[in-house]
Amino acid sequence: MQKTINSTEFRKMVASGARMLEINRAKVDALNVFPVPDGDTGTNMSLTMQSAIKEMNGCSSNRFQEICDAVSKGALKGARGNSGVISSQIFRGICSVIRDTNDSFDTKTFAKAMEAGTKVAYGAVAIPKEGTILTVVRLMSESAPKLASKHKDFVEFLTALIAVGDDALAHTPELLPVLKKAGVVDSGGVGLMTIMRGFLAAISGDESELGEIPTEATESKKSDEDVFGDNSDIINLDLGDIEFAYCTEFFVINLKKMTTLADIDKLKEKLMQIGDSVICIGDLELIKVHVHTNTPGVALSYALELGELDRIKIENMLEENRALKAKLEAEKKEMGMLAICAGKGLEEIFKDLMCDKVIEGGQTMNPSAQDIADAVQKINASNVFVFPNNGNVILAAEQAKDLVTGRTIHVIPTKNVAQGFAAALWFNPEVSVPENKTNMTHAIDNVTSGQVTYAVRNTTMNGFKLKEGDIIGLDNKRILAKGENIDETTLKLIKALKNDEHEMITLYYGEGVKEEDAEALAAKVSEQYPNCDVDFHFGGQPVYYYMVALE
């Protein structure tokens, strides 16, 4: 019977949860409400967890406080998409309780941690929606205290807790009708339960006890096998602000006879305690050392314990950094713009609209909160307007606000590229930040948009009986058209979207669509709607043959 979990075991739990999620990543991705090839919940959650693991593996301390802080920080930095952001907040809440324990924690403490995770996760979402990962974690946290009183053994406790979560997951289609129509349970909830099974595997030591992971409303499937890498050997050389003043490099030669390979590892551990960007590699013949530190003399003295020093180089990074910051401050402007999109053509259009930076992201690859924050940090402006251009990126953009310094992020809630273009067109450097924000937000209300893609499974939705491979047209919420070919479906979609107020129709053709085909389709649209201005542009976006904008 295992009544308590120590810090080493907690590390194993988190790592096992991440590994189990990566194994089942493709399965979770497939649980998309729309039968289109853009499922990314599993990928987003897995990348979020891997970021937490990377940060945890870089933590040299084995105290709960440092480990939990690393997990929380890593999960936030890597949070991608709504599911990833919510997952990061669940872990943030869990770690906020566990970090205050001393040598170990019991099931009652973990129950409190689950309650904290639920509270923080719900607080991160402006309008919490039941029938999602939030429902699953809430129902588990509500049952956790009672289960903890009944089960002192962690294996029994987690087994019972997982049963509650599975039951909650099975009922998500009843709470969210769109899931019921698609015949699936909530993908984020599946991701969370996969992590919980990883926790159980770490404690029980037997992955055969994981059981089945339910992924559909009517049946369950067993997990696939895959290989998970923890990326623990990757060194983070992104310095950000200069915390350590001196870049110190040298070789250790003529090592003392008593020096062992273990001593080289110990040297690396010592260097990590006095600086960052540590590289300490070599053998008993030669060791190469690189470290950024405020005490280069200490680094040299540590190395002298192993042998002689050669080719010592110490550079003052602060002086160069001061000059660069002064130049940037002098050139800083009041406002800038950042857009997120996938497709070379779309990227070029945003640049033509004077966006300072464009980062890659969209349906198949949501940027993390840290990705967005890093991009904002590179824009030399006090205020940066961010166009997420995808409903699944908005929450990550909001979370990025906590990760930037010296800049204020203003998220314009654009749910597609067409809205992003409209917002960027309204930018005026001569008016104030609040006025720009108001104008941009109003601009997105005047755009109607849709996308044309293909179905990836057989299903019935929004009155359409779909077969895998069917060409379909949809807006942000519904499937509106179905056809045997791309042009036919696009014309049907435009008809479903258009109203009498629309005066302009724009087609953005994606990768794989020829320019002459897009031109021919634009001619058909012009013929069908002679009172509208019709234009077409190369978008280069993946997944969608066409993106359509009506204004």
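As a basis for the values below, the full set of heavy atoms in this structure was taken, side chains included, without hydrogen atoms, waters or symmetry mates. Residue numbers count from 1 along this sequence.
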Taking [X] for its side chain and [Y] for its backbone only, find out whether a donor-acceptor pair lies under 3.5 Å.
X	Y	answer
Asn24	Lys27	no
Ser46	Leu21	no
Asp475	Gly450	no
Arg407	Ile379	yes
Thr172	Ala168	no
Ser16	Phe199	no
Asp470	Lys467	yes
Glu269	Ser60	no
Thr107	His151	yes
Glu9	Asn6	yes

For the student: nearest non-hydrogen atoms of [X] and [Y], plus distance:
X	Y	answer
Ala75	Thr48	O-CG2, 3.4 Å
Ser143	Val164	OG-CG1, 3.6 Å
Tyr122	Thr135	OH-N, 3.9 Å
Arg11	Asn62	NE-OD1, 3.0 Å
Thr489	Ala481	O-CB, 3.9 Å
Phe91	Ile195	CZ-CG2, 4.0 Å

Rounded to the nearest 0.5 Å, what separation is found between the [atom1] atom of [X] and the [atom2] atom of [Y]?
X	Y	atom1	atom2	answer
Arg99	Ser7	CZ	OG	14.0 Å
Leu134	Ser83	CG	OG	11.0 Å
Cys355	Phe385	SG	CZ	11.5 Å
Asp167	Met140	CG	CE	12.0 Å
Ser87	Leu76	OG	CG	12.5 Å
Ser104	Lys3	OG	NZ	12.0 Å

I want to check something: taking the side chain as every heavy atom from C-beta on, are [X] and [Y] in contact at a cut-off of under 4.5 Å?
X	Y	result
Leu346	Met547	yes
Val384	His410	no
Glu360	Cys341	no
Val190	Val136	no
Glu55	Val71	no
Val28	Thr41	yes
Ile203	Gln2	yes
Met337	Met440	yes

* salt bridge (charged side-chain N to carboxylate O under 4.0 Å, His left out) involving Lys12 - partner list, sequence neighbours excluded ->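 Salt bridge (charged side-chain N to carboxylate O under 4.0 Å, His left out) list for Lys12, sorted by chain: empty.
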* Could you go step by step and tell me if Asp371 and Ser368 meet the side-chain hydrogen bond (donor to acceptor under 3.5 Å, both in side chains) rule? -> CA-CA 5 Å; Asp371 291 335; Ser368 69; 3.1 Å; yes
Considering residues, nucleotides and ligands other than [X], do more than 12 of their heavy atoms fall under 6.0 Å from its [atom1]?
X	atom1	value
Lys401	NZ	yes
Lys119	NZ	no
Asp103	CG	no

* Asked: Would you say the side chains of Asp29 and Thr43 form a donor-acceptor pair under 3.5 Å?
  ->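 Looking only at side-chain atoms, Thr43 and Asp29 do form a donor-acceptor pair, the distance falling under 3.5 Å.
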* Without hydrogens or angle criteria, can the side chains of Gln541 and Glu511 be said to hold a donor-acceptor pair below 3.5 Å? ->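 No.
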Which donor-acceptor pairs under 3.5 Å do the side chains of residues 411-420 make with protein atoms, sequence neighbours left out?
unit_1 : atom_1 : unit_2 : atom_2 : d
Thr414 : OG1    : Asn389 : N      : 2.9
Thr414 : OG1    : Asn389 : OD1    : 2.9
Asn416 : OD1    : Ala418 : N      : 3.3
Asn416 : OD1    : Gln419 : N      : 2.9
Asn416 : OD1    : Ser449 : OG     : 3.3
Asn416 : ND2    : Ser449 : OG     : 2.6
Gln419 : OE1    : Lys415 : N      : 2.7

* Asked: For the rings on Phe421 and Phe350, is their centre-to-centre separation under 6.0 Å?
  ->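 For Phe421 and Phe350, the ring centres are under 6.0 Å apart.
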* To do: Under the side chain to side chain contact (heavy atoms under 4.5 Å, CB included) rule, what do Ile5 and Phe154 come out as? Steps first, then yes or no, please.
  => CA-CA 8 Å; Ile5 300 295; Phe154 256 99; 3.5 Å; yes
* To do: Evaluate the ring planes of Phe105 and Phe10, with Trp represented by its six-membered ring, and classify them as parallel (under 30°), tilted (30 to 60°) or perpendicular (over 60°).
  =>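 The rings of Phe105 and Phe10 stand perpendicular, inter-plane angle above 60°.
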* Would you sort out whether Lys357 and Asp374 count as a salt bridge (charged side-chain N to carboxylate O under 4.0 Å, His left out), showing the intermediate values? => CA-CA 11 Å; Lys357 195 167 183 61; Asp374 289 343; over 6 Å; no
* Pair Arg138 + Glu130: basic N to acidic O under 4.0 Å ->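 Answer for the salt bridge query: yes.
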* Test: Asp265 and Lys268 ion pair at under 4.0 Å ->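 Answer for the salt bridge query: no.
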* Should Leu338 and Phe387 be marked as a side chain to side chain contact (heavy atoms under 4.5 Å, CB included) after you check the CA-CA gap, both sets of side-chain angles, and the distance that decides it? -> CA-CA 6 Å; Leu338 168 69; Phe387 309 130; over 6 Å; no
* **From CA spacing to verdict: side chain to side chain contact (heavy atoms under 4.5 Å, CB included), Thr405, Gln377** => CA-CA 7 Å; Thr405 57; Gln377 207 72 50; 3.4 Å; yes
* To do: Assess whether salt bridge (charged side-chain N to carboxylate O under 4.0 Å, His left out) is satisfied between Glu22 and Arg19, documenting all intermediate values.
  => CA-CA 5 Å; Glu22 175 61 15; Arg19 176 180 177 275; over 6 Å; no
Taking only distance into account, with no hydrogens and no angle test, what donor-acceptor pairs under 3.5 Å do side-chain atoms of residues 109-116 form with protein atoms, sequence neighbours excluded?
unit_1 : atom_1 : unit_2 : atom_2 : d
Thr109 : OG1    : Asp106 : OD1    : 2.9

* Asked: So Leu192 and Val137, side chain to side chain contact (heavy atoms under 4.5 Å, CB included) or not? Walk me through it.
  -> CA-CA 8 Å; Leu192 177 62; Val137 72; 3.7 Å; yes
